[in-house]
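Remarks on the structure that follows.
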Amino acid sequence: MSVPNEMTYSSLAGIVEYKGEHGMELWNTFTLLLDTICITPYRMLPWAEPAFWLGTTVLSLWCIVAGEFSGALVYLWNRDFYDNQQREMVRMHNLSVEAIRHKDKATYKASNRWANEYFGKVFFSGAALFAVSLWPVPFALGWLDGRFRGIELYHVPFGGWPLGYAFVFFATYIPLRILFSRVRDRMPFFRRVARLRKESAASIGDVTSWSELAADDDSSSGGEDAGNADVRGNSDGLEHADPQGDASTAKSGQDGSKQA
């Protein structure tokens, strides 16, 4: 077994240093290329303020497209997991409604607890998907801060607080995101994702509403009321019958049999 000598250590250090410098060069090249792409829309107009709004609008649109595309990829990758969580949530909810219908308190408590558990998982899974679509925003704000830090475009009336790149970015990002959500499903890739979402929702099954349980109670109580009304009607008919008429009819029948 050979013992590493000083030359071996110096060789390893040289290799690590070379790879580190090479990696930094690649990273610097990448950041310079990205900076060139991002700053290009800001140089399309000769006027400073309209050019700033145009460039920030394009940057916001890039963030929206990249975020929505990432969220769609995460959904496709974990589609089976999301569908299973929603399916179990609906199943446990329907079981709890059926338990109430059959007045089974123990089954209702158990199924309702699991329904709430799956509801929490479904809710936070959706929140995580939405958070995935926001990942480009901090990177865009970081780039804007490096490029336009200290530039004051506007001031708040009666307060004097300055408004810079963050105000312009969110003033363009929010309306564009709302508009993009309305036209997103017309694009081929996002249209396919929307179709898969609809198929998943159809395969999960229908959710039993609590109003259906109330309607069943009303119908059953209505049937009981109708039956009680018939019984009361029959008893009222017996109470209002003429006992003298019944007695005279019976007596005439007896007389007729004697004469015969």
Side-chain angles (χ1 to χ4, degrees), residues 20-83 122-156 161-201:
E21 293 178 354
H22 186 64
M24 288 301 298
E25 290 178 0
L26 291 177
W27 175 253
N28 291 334
T29 304
F30 173 75
T31 53
L32 287 175
L33 178 61
L34 192 62
D35 179 75
T36 303
I37 295 174
C38 292
I39 201 63
T40 299
Y42 289 86
R43 296 172 176 172
M44 290 182 175
L45 298 178
W47 307 282
E49 187 174 343
F52 188 81
W53 277 92
L54 175 62
T56 308
T57 301
V58 175
L59 181 64
S60 300
L61 185 60
W62 287 345
C63 292
I64 293 170
V65 174
E68 291 286 347
F69 184 76
S70 302
L73 288 181
V74 171
Y75 169 77
L76 294 176
W77 185 268
N78 300 280
R79 182 189 174 196
D80 293 337
F81 172 78
Y82 295 138
D83 292 350
V122 170
F123 176 80
F124 286 107
S125 296
L129 269 180
F130 178 75
V132 169
S133 66
L134 297 176
W135 73 264
V137 173
F139 291 96
L141 292 175
W143 179 82
L144 288 170
D145 182 74
R147 275 284 186 172
F148 306 103
R149 181 189 304 171
I151 298 178
E152 299 177 0
L153 296 174
Y154 308 102
H155 289 83
V156 178
W161 297 290
L163 299 176
Y165 64 87
F167 167 75
V168 179
F169 177 80
F170 287 109
T172 56
Y173 180 86
I174 295 175
L176 283 176
R177 175 117 196 199
I178 297 174
L179 180 62
F180 186 82
S181 65
R182 297 184 178 181
V183 301
R184 175 184 55 199
D185 296 342
R186 299 180 183 179
M187 303 177 183
F189 174 75
F190 294 106
R191 182 168 61 245
R192 176 175 175 270
V193 175
R195 178 174 54 81
L196 292 176
R197 287 178 181 269
K198 291 180 180 179
E199 292 178 359
S200 299

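For the single chain, residues carry numbers from 1 onward in sequence order.
Under the 3.5 Å distance criterion, the side-chain polar atoms of Thr56 are left unmatched by any main-chain donor or acceptor of Trp53.
Pairing each heavy atom of Val193 with each of Ala72, the nearest pair is CG2-CB, 4.0 Å. Across every non-hydrogen atom of Thr31 and Asn28, the tightest pair is OG1-O, 2.8 Å. The two atoms that bring Ala66 and Pro136 nearest to each other are CB-CG, 4.1 Å, heavy atoms only. For Asp185 against Ala194, the heavy-atom pair with the smallest separation is OD1-CB, 3.6 Å. Of all heavy-atom pairs between Ala140 and Cys63, the closest is CB-SG, 3.5 Å. Between Glu199 and Arg79, the shortest heavy-atom contact is OE1-NH2, 3.9 Å.
Between Leu76 and Arg192, some side-chain heavy-atom pair lies under the 4.5 Å cut-off. Looking only at side-chain heavy atoms (C-beta outward), Phe69 and Val74 stay at 4.5 Å or farther from each other. Counting only heavy atoms from C-beta outward, the side chains of Ser70 and Trp135 approach each other to under 4.5 Å.
In this structure, the side-chain hydrogen bond (donor to acceptor under 3.5 Å, both in side chains) partners of Asp35, at least two apart in sequence or on a different chain, are Trp143, Arg147. Taking Arg149 as the reference, Asp145 meet the side-chain hydrogen bond (donor to acceptor under 3.5 Å, both in side chains) condition, with sequence neighbours excluded.
Distance check: Leu179 CG to Arg184 CZ gives 11.5 Å after rounding to the nearest 0.5 Å. Rounded to the nearest 0.5 Å, atoms CZ (Phe180) and OH (Tyr173) are 10.5 Å apart. Rounding to the nearest 0.5 angstrom, the gap separating the CH2 atom in Trp62 from the CD1 atom in Ile64 is 13.0 Å. Expressed to the nearest 0.5 Å, how far CG of Leu196 lies from CG of Asp83 amounts to 9.5 Å. Rounding to the nearest 0.5 Å gives a distance of 14.0 Å between CZ of Arg177 and CZ of Arg182. Note that the CG atom of Leu59 and the CG atom of Leu54 stand 11.0 Å from one another [nearest 0.5 Å].
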Original post:
Between Leu163 and His155, does a side-chain contact (heavy atoms from CB on, under 4.5 Å) hold up when you go through it step by step?
Top reply: CA-CA 6 Å; Leu163 299 176; His155 289 83; over 6 Å; no
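In this structure, Phe167 and Tyr154 have perpendicular ring planes: the angle between them is above 60°, well past the 30° mark.
Note: Phe169 and Tyr165 fail the aromatic proximity criterion, with ring centroids not under 6.0 Å apart.
Of the options Val65, Thr172, Ile174, a side chain to side chain contact (heavy atoms under 4.5 Å, CB included) to Ser60 is made by Thr172 and by none of the others.
Counting heavy atoms of neighbouring residues, nucleotides and ligands inside a 6.0 Å radius, atom CZ of Phe189 exceeds 12 of them.
Sorted by first and then second residue, the salt bridge (Lys or Arg N to Asp or Glu O under 4.0 Å) pairs with a member in residues 42-52 form an empty list; sequence neighbours excluded.
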